[in-house]
Number of protein chains: 2
Amino acid sequence: MPKPKAPHERNALASGPEHKEAGLQLKGRIWLEKDGQTFLSWGRVVLLERIAEHGTLAAAARSMDMSYSHAWNLVKQMNQLAGKPLVEKQAGGKKGGGAYLTPSGEKARDEFWRLVKQFQGWVDQRKIK
Amino acid sequence: MPKPKAPHERNALASGPEHKEAGLQLKGRIWLEKDGQTFLSWGRVVLLERIAEHGTLAAAARSMDMSYSHAWNLVKQMNQLAGKPLVEKQAGGKKGGGAYLTPSGEKARDEFWRLVKQFQGWVDQRKIK
DNA sequence: GTGCGTTATGTTTTTTATGATATAACGCTA
DNA sequence: TAGCGTTATATCATAAAAAACATAACGCAC
């Protein structure tokens, strides 16, 4: 069973397995800040994806072993920093309520994954001596 | 007075000031792992530099507001993961003792800064829409 | 109106990382 | 041998992050 990763190591991109035999891996992570505060990061964008997938904030949080309150805080901050909501929610109503991505939310998700993909490309082409 | 940075945000490279007016910044950090454990990172390599500069582990730690025991643990782990010492130390002796970088240590430092510089280049050329 | 599962929000607890503290050993100097 | 500032090492305390927990409010369905 693999040792659980430390928080700062989670969601990190790694150089490809071709370097594995050396036991030496280049790792890294990127994120976006707005006005000095974390806006989008790997975990946050996965959360956006899970919300789109599950339709509720509670189920999204459960699906990634995140506490509901933490997920709620992240969404609150993302919405606030974006200036407009990335996620809209409803308390009560049919099936108790729910949450979904706005077009801005989908765009943010796509843009971030685009950046991550570019970064992964950069990492992969590094040769570690 | 600027808000102190959270641990996971420290030592992060940022996209240049040309993006600052948008309030949106791409940030990132990289590190090297060996056998799944952190081997070299920004803070660790700064520590190597300070050791070379000050000649003792104690002074190096002081100079970067790091506890001696933490610095000692980092050096121990770096030496161990490298397979050969990056830092050699002497307890006692002229002036009480000291520490210095081995050629391997100097090389590790230089290689890491080279990687960081390349990464900074990559970050700088990202255009954030 | 009751029940249901959700969102909303605050408080408490746990975990993790790091710094602080304490003590011993080391090896030169005088 | 005594003194010095260092390395060596373990333990304790603190701070930050995250999870856990506890309620309340919401709005549809019945």
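The structure displayed is predicted, hence computed values, not measured ones. Residue numbers start from 1 in every chain, and the chains themselves are labelled A, B, ... in the order their sequence lines are given, proteins ahead of strands.
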Euclidean distance, atom OH of residue Y100(A) to atom P of dT7(C) [Å, nearest integer]: 13 Å
Sidechain-backbone polar pair: H70(A) side chain, M66(A) backbone, donor-acceptor under 3.5 Å: no
Rounded distance in Å - CE (M64(B)) to P (dT18(C)): 12 Å
Gap between atoms CZ and C1', on R62(A) and dG5(C) respectively (whole Å): 9 Å
Phosphate OP1/OP2 of dA8(C): any K89(A) side-chain N/O under 4.0 Å: yes
Interface with DNA chain C, restricted to residues 66-74 of chain A and to heavy atoms under 4.0 Å: Y68(A), S69(A), W72(A)
5' priority, DNA chain D, between D65(A) and K94(A) [closest heavy atom]: D65(A)
Cluster check Y100(A), W72(A): I/L/V/M/F/W/Y, side chain < 4.5 angstrom: no
Aromatic ring proximity W122(A)/F119(B), centre distance under 6.0 Å: yes
Interatomic distance where CG belongs to N79(A) and P belongs to dT7(C) [whole Å]: 13 Å
Polar contact flag, side-chain donor to acceptor under 3.5 angstrom, D124(A)-Q120(A): yes
K76(A) side chain near dA8(C) phosphate (N/O to OP1/OP2, under 4.0 Å): no
L57(B) CG - dC26(C) C1' separation (whole Å): 15 Å
Mutual orientation of the aromatic rings belonging to W113(B) and W42(B) [parallel < 30°, tilted 30-60°, perpendicular > 60°]: perpendicular
Interatomic distance, Q90(B) CD vs dC26(C) C1' [rounded to whole Å]: 8 Å
Main-chain N/O of L86(B) paired with S104(B) side-chain donor or acceptor, under 3.5 Å: no
